[in-house]
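Chain letters run A, B, ... following the sequence lines, proteins first and then strands; every chain starts at 1. The figures here come from the full heavy-atom set of this structure, side chains too, leaving out hydrogens, waters and symmetry mates.
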2 protein chains.
Amino acid sequence: MKTNSFIAGRLRESNIKPSPQRIKILEYLANYPCHPTVDRIYSALLPDMPTLSKSTVYNTLKILRDARLVREVTIEENEVHYEYAIKAHGHFRCLDCGEIYDFQADAEEINTDELRGFYITEKDIYFKGVCGQCLKRDNQTEK
Amino acid sequence: MKTNSFIAGRLRESNIKPSPQRIKILEYLANYPCHPTVDRIYSALLPDMPTLSKSTVYNTLKILRDARLVREVTIEENEVHYEYAIKAHGHFRCLDCGEIYDFQADAEEINTDELRGFYITEKDIYFKGVCGQCLKRDNQTEK
DNA sequence: TTACAAATCGATAATCATTATCGGAAAGGC
DNA sequence: GCCTTTCCGATAATGATTATCGATTTGTAA
């Protein structure tokens with residue numbers, strides 16, 4: 001569980017003023033690794049901060065992303081998900097329940113000879129399909 | 001250069017009636033491997049088919065995608081790109097000029113032990129950064 | 001050919017995530 | 001305390017995508 005002061009420190013390290021809104025948003029992402037959307041973050045924090053605006057969530061996430069404190073997960077077409085930036089990994093999205101799973105995958109191992117002379121800043125691995133839970137449920141329903 | 005009749009054949013193989021609109025759209029994707037967006041496809045075909053509607057482009061692409069004749073490339077946040085489905089490969093998007101480059105990358109080599117019991121239907125590798133051309137241009141401008 | 005049913009197409013409106021704008025509030029320096 | 005800068009929040013605007021639904025075309029059978 002990351003504390004407020006730890007989060008505030010991370011913001012200061014990146015030269016971002018630790019306002020209450022920014023602390024809360026980054027803290028939420030650090031403690032709930034559920035790849036939330038903007039709307040999800042907004043709804044989760046609203047009870048605690050009734051004056052929070054969705055614009056602020058958008059603005060803050062953009063700041064945090066530029067500082068590389070959070071990452072955008074664009075595995076879904078119509079909405080961006082966010083995650084606290086730790087070690088790089090792959091993402092799997094279940095086309096049935098929509099859940100996003102992390103899995104270890106080293107993108108550095110992918111051969112990039114063809115991209116010689118390119119400056120690569122981001123390597124995303126996005127898999128899709130049906131997760132184990134949904135497969136099991138679907139099989140039971142069939143019987 | 002893929003011919004109309006070849007394209008029509010591919011549609012029939014997938015039990016899709018080869019209407020003129022569908023042939024033109026799939027033919028465009030097969031012959032111009034530029035990862036176009038819906039709007040790009042629409043604009044390119046409009047001179048030849050003045051009555052074409054953007055709705056039809058959307059509908060047709062959805063049909064072609066479901067038949068796995070084309071793939072959606074969701075490497076950009078706000079717009080979907082399309083490509084004729086051939087051998088799987090990685091995509092690199094230049095954050096400067098927006099161009100999308102293909103590169104050989106075998107997603108099958110990525111270890112998926114953690115996804116045991118999952119049914120995987122799609123494996124996307126999306127890299128981002130700055131392409132060689134843009135790097136060169138930017139350096140010249142600096143001088 | 002004619003008639004009818006099904007599939008397809010196209011125009012318009014609706015949806016919804018995201019962005020832009022801008023006035024007001026808070027923070028920080030002097 | 002005053003002033004400047006930064007930050008926040010409400011509202012409106014944007015733009016890709018989807019939904020709707022009537023019109024057109026296609027396929028089929030008499």
- Message: Taking side-chain contact (heavy atoms from CB on, under 4.5 Å) as the definition, give me every residue that meets it alongside B:Glu109, ordered by chain and number, with sequence neighbours left out.
- Response: B:Asp106
With sequence neighbours left out, which residue pairs that include part of [range] fulfil the ring-ring contact (aromatic ring centres under 6.0 Å, His included) condition?
range: residues 66-89 of chain A; value: A:His89-A:His91
range: residues 8-34 of chain B; value: B:Tyr28-B:Tyr32
range: residues 95-117 of chain A; value: A:Tyr101-B:Phe118, A:Phe103-A:Phe127

Would you give me the side-chain donor-acceptor pairs under 3.5 Å for residues 11-24 of chain B, sequence neighbours excluded?
residue, atom, partner, partner atom, Å
B:Ser19, OG, B:Arg22, N, 3.3
B:Arg22, NH1, B:Lys17, O, 3.1
B:Lys24, NZ, B:Asp48, OD2, 3.2

- Task: Identify, with sequence neighbours excluded, every residue that meets side chain to side chain donor-acceptor pair (under 3.5 Å) alongside B:Ser5.
- Result: B:Thr3
Residues 39-47 of chain A, side-chain donor-acceptor partners within the protein, below 3.5 Å, at least two apart:
residue, atom, partner, partner atom, Å
A:Asp39, OD1, A:Lys54, NZ, 2.5
A:Ser43, OG, A:Asp39, O, 2.9

Using a cutoff of under 3.5 Å, can you pull out all pairs of nitrogen or oxygen atoms linking the protein to nucleotides 4-8 of chain D, with atom names and distances?
residue, atom, partner, partner atom, Å
D:dC7, OP1, A:Arg22, NH1, 3.2
D:dC7, O5', A:Arg22, NH2, 3.4
D:dC8, OP1, A:Ser19, OG, 2.3
D:dC8, OP1, A:Gln21, OE1, 3.2
D:dC8, OP2, A:Arg22, NE, 3.4
D:dC8, OP2, A:Arg22, NH2, 3.4
D:dC8, O3', A:Gln21, NE2, 3.2

- Message: Would the distance check show the side chain of A:Thr121 and the main-chain N or O of B:Lys128 forming a donor-acceptor pair, the cut-off being under 3.5 Å?
- Response: yes
- Has B:Tyr58 got a side-chain N or O lying under 4.0 Å from the OP1 or OP2 atom of D:dT17? yes
Without placing hydrogens or testing angles, list every side-chain donor-acceptor pair under 3.5 Å for residues 58-71 of chain A, not counting sequence neighbours.
residue, atom, partner, partner atom, Å
A:Asn59, ND2, A:Ser55, O, 3.3
A:Thr60, OG1, A:Thr56, O, 2.7
A:Arg65, NH1, A:Glu72, OE2, 3.2
A:Arg71, NE, A:Glu83, OE2, 3.3
A:Arg71, NH1, A:Ile86, O, 3.4
A:Arg71, NH2, A:Ile86, O, 3.1
A:Arg71, NH2, A:Lys87, O, 3.4

- Query: Hydrophobic clusters join Ile, Leu, Val, Met, Phe, Trp and Tyr when side-chain heavy atoms are under 4.5 Å apart, directly or via other members; which others share one with A:Val130?
  - Reply: A:Leu135, B:Tyr119
- So where does chain B start and stop touching DNA chain C, 5' to 3', when the test is distance under 4.0 Å to a non-hydrogen atom? C:dA7 to C:dT12
- Where along residues 65-78 of chain A does a heavy atom fall under 4.0 Å from DNA chain C? A:Asn78
